[in-house]
Amino acid sequence: MLDIALIREKPDWVKERLARLNDAEAVARIDTIVALDKQRRALLTEAEALQAARNKLNKNVGALRGSKKLDEAGKAVQAAAAVQAIDAGDYDAAARYMTGETVASGTGAADSLDTLMAALRALGERVETLNDEVKGVEAQLDEAMFWLPNMPHDSVPVFPSDEHNKPWPAEGQMPEFDFQPRPHWELGPALGIIDFERGVKLAGSRGYVLKGWGARLQRALISFFLDMAREKGFEELYVPYFVKEDMMFGAGQFPKFRDVVYFDADADVYMLPTAEVAITNLHRDEILDEAQLPLYYVAHTPCFRREKMSAGRDVRGIKRLHQFEKVEMYKFTTPETSYAELEALVEAASDICRALKIPFRRLEIVTGDLGFSASKKYDVEMYAPGCNEWLEVSSCSNTEDFQARRSNIKYRGGESKRPQFVHTLNGSGLATPRVIIAILENYQQADGSVRIPDVLRPYLGGAEVISARG
RNA sequence: GGAGAGGUCGCAUAGUGGACUAGUGCGCUCGCCUGGAACGCGAGUAGGGUGUCACAGCCCUCGAGGGUUCGAAUCCCUCCCUCUCCGCCA
């Protein structure tokens, strides 16, 4: 969510930023938002003035009805005058007649008090009508605001699409083979550690089963990832794998990416497409102390994605799946430190690649490929020689206060008066089974066996090689 | 899943139709007192919206949403959550 006040004050500046995303729809939305905001405030002024009048008159009517100074005839006279004032729109005068502060002249009919009640009822109904109008406009405004993507940081290269994402120089030793390296979709089944046929039998397209060393390798990786993060100060979390709808809005998945998630209509909950959704909302509706920041969290969860948009793409192997495992690192920070924290986050992901001794590179994401929530984003890609691809194993983003606004997460600074929004960052550290692809393809040997990276051996009982013999 | 009790300010509690402009205690902050502290005394102590140069002011929020009423923390309905007991269960 962007700041409505910023849009109100500098619509053209915001448009220019959004234009960098190559998202014409987002830019066009600004005019709609400005108009709705204006309409909302005009209605609100009117509604609140009337509401204030109603509150005051309702309070005074009790005083009039219960007045000991006035007899019935006297009350009728005051009531009649009050009704006249209300009809004329002079609510202050009406209030004074009702308290007896202004003594009315003339006569009052016997039913003047009833007439006054009716006038108050009518006033109440007008307030309700106006409030409904305000709510209607607010709903439209919220809808428009929720569809608006985040603005790119000034440092993000301005290009229209992912073809222009800027790779940094690769790090690590590129593997050299004296044989033709095989892709993982051959190695896995040959080793008996990936079973595609039975996976599809169980779950349909993109289903897979990891067996034996495949399953153990994944479990080892997850433990290793969590340990790496913990050593860097991330607190480990175990979170729900499904969340309520508001959480999906809070993290920026909804409304735009509604069709990528699995939904339990009966319980009205959504399966996580990433742990980021759960962790973002961990501190929803909270005001944190500045002294608590930065907060570092890490969680391992499965991730469920329908991959509707990419039906037919990457159907081979275990690169793009409906279900995969990911260790997610997450930070809540102050605005001052979030960009330094982003660099540290990418380094944390890179350190895992270094420890596994797999060649990797950082990809600087351009404006046209930033996604919905990020202000700035880096991907980390591992090289896979078998399929000759760079595999995205991590994506690290600073969303600035975009998610914090949606989830209402603030902090109170030392001296500062008003709570302000935190910045949130997320980065995979890392995702599997993609890392399994990289291990199989980088560590394969001529006989089809695969060496186990040194750092994982302690997690696998000291084993050094995975071979078809088991 | 069944039966019952409950959800009010950071925490604890009061509040059964208008005086609630939500009281009190604790906690916290500031001041006075003190050589310094404790005690005591005094003041302050939510969030959001609107508005303003900034204040002020006004509006909303007592789990959520509806309803009754001139007026709802308070009465009615629906839902959510928590607790106790029972049943089932890794």
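Quick note on labels: first sequence line is chain A, next is B, and so on, each numbered from 1.
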Near-strand residues of residues 34-45 of chain A, defined as heavy-atom separation under 4.0 angstrom from RNA chain B: A:Arg40, A:Arg41, A:Leu44
Heavy-atom side-chain contact between A:Pro273 and A:Phe257 under 4.5 Å: no
Using the [atom1] atom as the point on both nucleotides, what is the distance between [M] and [N], in whole Å?
| N | M | atom1 | answer |
| --- | --- | --- | --- |
| B:rC53 | B:rU34 | P | 47 Å |
| B:rC81 | B:rA64 | C1' | 10 Å |
| B:rC26 | B:rA19 | C1' | 27 Å |

Please state how far atom [atom1] in [X] lies from atom [atom2] in [N], giving the value in whole angstrom units.
| X | N | atom1 | atom2 | value |
| --- | --- | --- | --- | --- |
| A:Glu128 | B:rU69 | CD | P | 12 Å |
| A:Arg121 | B:rG71 | CZ | P | 8 Å |
| A:Asp142 | B:rG49 | CG | P | 12 Å |
| A:Leu123 | B:rU69 | CG | C1' | 15 Å |
| A:Arg126 | B:rC59 | CZ | C1' | 17 Å |
| A:Asn58 | B:rU69 | CG | C1' | 10 Å |
| A:Arg54 | B:rG18 | CZ | P | 17 Å |
| A:Asn55 | B:rC70 | CG | C1' | 12 Å |

A:Thr333 side chain to A:Glu341 side chain, donor-acceptor N/O pair below 3.5 angstrom: no
Phosphate-side-chain proximity, A:Gln51 and B:rC58, N/O vs OP1/OP2 below 4.0 Å: no
Aromatic centroids of A:Phe332 and A:Tyr411 separated by under 6.0 Å: no
is_close_aromatic(A:Tyr241, A:Phe304), centroid dist under 6.0 Å: no
Electrostatic pair A:Glu25:A:Arg29 at N-O distance under 4.0 angstrom: yes
Carboxylate-amine/guanidinium proximity below 4.0 Å for A:Lys15 and A:Asp31: yes
Sugar-phosphate only, base, or nothing, as touched by A:Lys135 at under 4.0 Å among non-hydrogen atoms: sugar-phosphate
Sugar-phosphate, base or nothing in reach of A:Arg8, heavy atoms under 4.0 Å: sugar-phosphate
A:Arg412 side-chain proximity, nearest of B:rG66, B:rG49, B:rA46: B:rA46
Nearest-nucleotide 5' precedence on RNA chain B, A:Val61 against A:Lys410: A:Lys410
5' precedence on RNA chain B between A:Ala52 and A:Met117 (nearest-nucleotide basis): A:Ala52
Closest approach of A:Gln78 to A:Thr102 (non-hydrogen atoms, all atoms of both residues): NE2-O, 2.9 Å
B:rC39: pairing nucleotide in any strand, Watson-Crick or G-U under 3.5 angstrom: none
Whether A:His283 and A:Tyr297 hold their rings parallel, tilted or perpendicular, with breakpoints at 30° and 60°: tilted
